[in-house]
Amino acid sequence: MNAVHGVAAVVLVMLTTVLIGAFGIRLSRTTSDFYVASRTVSPLWNASAIGGEYLSAASFLGIAGLILAYGADMLWLPVGWTGGYLVLLVLVSAPLRRSGAYTLPDFAEARLGSMAVRRMAGVLVVLIGWLYLMPQFQSAGLVLRAVTGAPEWAGGLLVACVVGVNVLSGGMRSITFVQAFQYWLKLTALAVPLVFLLLAWRADGAPGLGAADAVTWALPLSGGREYGLYSTYSLILATFLGTMGLPHVLVRFYTNPDGRAARHTTLVVLSLLGLFYLMPAVYGALGRIYLPELRGSDMVVLTLPGRLVGGVAGDLLTALVTAGAFAAFLSTSSGLTVSVAGVIGQDILRGGVRSFRVAAVVAVAVPLALASVARSLPVADVVGLAFAVSASSFCPLLVLGIWWRRLTPPGAMAGLVVGGGLACGAVLLTIGEGPHTGLAGALLAQPAAWSVPVAFTVMIVVSLLTRSRIPPGVARIMVRLHTPETLDLDRGDWRPRST
């Protein structure tokens with residue numbers, strides 16, 4: 001690829017991101033603007049912003065690379081990442097918005113009346129956010145190096161600086177504008193080159209997979225991973241249940257005006273994600289035909305235009321894909337930074353706009369430092385581990401907290417500690433020492449199949465053993481969570497005791 005085109009694409013995305021974010025500065029005046037955009041974001045605008053932040057480096061680059069390497073088994077990734085919003089729609093979105101909270105720890109305290117549970121939830125939000133941010137910075141470094149030859153640390157630093165400027169200046173209000181734009185940029189950056197790739201494939205005689213690949217790649221449970229059946233089911237569980245506990249996704253539902261708008265937002269998100277996820281699978285299949293040497297690489301999406309189209313047209317298409325990749329890094333990093341900064345600013349600092357800005361610097365700096373020293377794994381694998389931690393901690397807390405009135409603070413705390421702790425331990429062992437082999441390796445690489453049931457079981461059993469600890473105001477809270485806004489109750493907005 002021509003380095004000039006690549007640099008121009010990156011610079012253009014960065015400048016556009018900063019300019020759009022600057023537009024939101026004029027509208028950001030209050031603490032509510034910074035944390036939840038004053039809860040005035042419309043469903044279509046919010047759904048576009050969710051699509052922008054949810055479609056991370058794992059979606060834009062990682063899925064195609066894993067499908068190239070492992071075949072049909074990895075199609076569950078886009079299915080699960082989209083289907084998770086259906087679970088979110090049915091179980092969580094509207095009640096969560098009606099809670100009136102700013103963050104997940106706010107919800108935990110409002111539902112259970114426990115500062116200990118709130119603090120534990122805050123720790124898990126920060127850990128999940130940092131785990132999700134690390135591969136964004138690592139992937140940005142790899143892409144910038146491939147395009148310009150710059151050192152790997154430069155890409156992550158560049159993304160961190162732009163994200164920091166936007167978050168520090170306008171908070172959630174600015175980030176909403178930026179992420180909505182970046183969803184449509186990412187969709188265009190995959191769709192337009194794909195048209196030319198398919199035309200080139202047709203002109204080449206539409207070659208297919210060889211006989212060996214048809215058996216080892218195109219059929220389920222034959223992609224080469226050990227204990228494929230277990231890994232597949234564990235992956236499905238993590239992606240379907242992990243979505244509802246991702247802090248940067250849930251904070252978006254706090255920005256809707258009411259529960260009805262939150263449900264409409266989720267329906268639109270399902271459509272937008274379904275449209276996007278049709279394309280990485282095609283990139284992975286074309287990569288298997290033309291770039292089999294890239295197995296296990298996240299670079300297949302960036303490499304295909306130059307290989308199939310070539311010339312100036314190939315360089316321009318590669319530049320467009322590069323722009324989409326950096327939009328993915330920026331949008332996801334922005335959403336994660338807002339959610340992590342919200343928790344740090346509310347629970348560790350004193351709250352307010354000044355605390356939010358200080359927390360935003362910490363939220364970006366720590367994962368950037370970790371990304372520079374951590375061992376690099378396929379980006380979709382690392383993000384999948386973040387989903388496993390989310391499914392093992394916040395999924396039980398939200399489902400039981402919203403739908404089971406007998407959940408107690410000790411039960412919630414025990415479930416968060418055991419489920420989140422087990423999943424985090426598996427993640428640390430996988431990132432720090434893995435990949436492991438055999439059954440132990442499969443259990444550590446995909447922990448959701450055992451950590452999620454353990455978390456639910458512990459939360460339920462401990463709650464039943466501590467029935468005397470049921471919060472006294474639980475009936476009022478459950479009515480608030482499940483009563484439609486059309487009844488016009490005097491709800492008000494809940495405020496954490498810590499502020």
Side-chain angles (χ1 to χ4, degrees), residues 83-101 103-122 124-125 128 237-238 240-247 249-250 253-254 259 262-263 266 387-423 448-485 487 489 491 494 496:
Y85 278 89
L86 183 59
V87 181
L88 188 65
L89 170 66
V90 173
L91 297 178
V92 173
S93 59
L96 188 65
R97 170 58 191 90
R98 294 187 192 117
S99 72
T103 63
L104 269 170
D106 281 353
F107 170 80
E109 185 187 349
R111 170 62 179 84
L112 297 163
S114 169
M115 287 300 296
V117 176
R118 178 192 176 95
R119 284 191 288 268
M120 188 65 211
L124 287 168
V125 165
I128 293 171
L237 196 63
F240 270 74
L241 300 182
T243 301
M244 74 172 64
L246 294 177
V249 169
L250 290 182
F253 291 96
Y254 300 131
R263 283 202 174 99
T266 312
F387 272 76
V389 175
S390 171
S392 304
S393 53
F394 288 127
C395 172
L397 177 67
L398 287 168
V399 171
L400 296 177
I402 290 172
W403 296 100
W404 192 47
R405 65 176 56 242
R406 293 202 285 178
L407 179 68
T408 65
M413 175 64 79
L416 290 175
V417 171
V418 174
L422 289 173
W450 52 271
S451 58
V452 172
V454 167
F456 268 101
T457 301
V458 169
M459 207 169 280
I460 291 171
V461 170
V462 175
S463 293
L464 292 176
L465 293 175
T466 57
R467 295 174 186 173
S468 61
R469 301 286 302 278
I470 294 176
V474 65
R476 176 178 174 275
I477 294 171
M478 297 300 280
V479 168
R480 177 175 182 166
L481 293 178
H482 296 285
T483 303
E485 287 82 0
L487 292 184
L489 295 179
R491 298 167 187 273
W494 176 83

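- Leu91 places none of its side-chain heavy atoms less than 4.5 Å from the side chain of Ile402.
- The closest side-chain heavy-atom distance from Pro471 to Ile477 is not below 4.5 Å.
- Between Pro396 and Ala455, the shortest heavy-atom distance links the atoms CG-CB, 3.9 Å.
- To the nearest 0.5 Å, the span separating CD1 on Ile128 from CZ on Phe387 amounts to 10.5 Å.
- Counting only heavy atoms from C-beta outward, the side chains of Arg406 and Leu464 approach each other to under 4.5 Å.
- Side-chain atoms of Arg469 do not come within 3.5 Å of backbone N or O of Pro409 as any donor-acceptor pair.
- To the nearest 0.5 Å, the span separating OG1 on Thr466 from CG on Leu407 amounts to 8.5 Å.
- Of all heavy-atom pairs spanning Ala412 and Leu112, the tightest one is CB-CD1, 3.4 Å.
- Taking each heavy atom of Leu416 and Ala121 in turn, the nearest pair found is CD1-N, 4.4 Å.
- To the nearest 0.5 Å, atom CG of residue Leu398 and atom CG of residue Leu104 are 5.5 Å apart.
- Between Ser99 and Leu481, the shortest heavy-atom distance links the atoms CB-CD2, 3.7 Å.
- For Arg111 against Met478, the heavy-atom pair with the smallest separation is NE-SD, 3.9 Å.
- Annotation: side chain of Phe456 is in contact with side chain of Cys395 (closest heavy-atom distance under 4.5 Å).
- From Arg119, atom CZ reaches atom OG of Ser114 across 7.5 Å, with rounding to the nearest 0.5 Å.
- Take Phe240 and apply the ring pair (Phe, Tyr, Trp, His ring centres under 6.0 Å) test, not counting sequence neighbours, and it matches no residue.
- One distance of note links CG of Leu96 with CZ of Phe107; it measures 6.5 Å at 0.5 Å rounding.
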| task | Could you walk me through whether Val462 and Met413 pass the side chain to side chain contact (heavy atoms under 4.5 Å, CB included) test, one step at a time? | result | CA-CA 9 Å; Val462 175; Met413 175 64 79; over 6 Å; no
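- Contact between Leu397 and Ala108 at its shortest, heavy atoms only, is CD2-CB, 4.2 Å.
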| query | Going through the distances and angles, do Phe394 and Val125 end up as a side chain to side chain contact (heavy atoms under 4.5 Å, CB included)? | reply | CA-CA 9 Å; Phe394 288 127; Val125 165; 3.5 Å; yes
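- For the atom pair Ser451 OG and Leu237 CG, the distance stands at 8.0 Å (nearest 0.5 Å).
- Panel note: side chain His482, backbone Trp403; no donor-acceptor pair is recorded below 3.5 Å.
- In terms of modelled atom types and a separation under 3.5 Å, the side chain of Ser463 and the main chain of Thr408 share a donor-acceptor contact.
- Side-chain contact between Thr483 and Arg98: absent, with no pair of heavy atoms (C-beta onward) separated by less than 4.5 Å.
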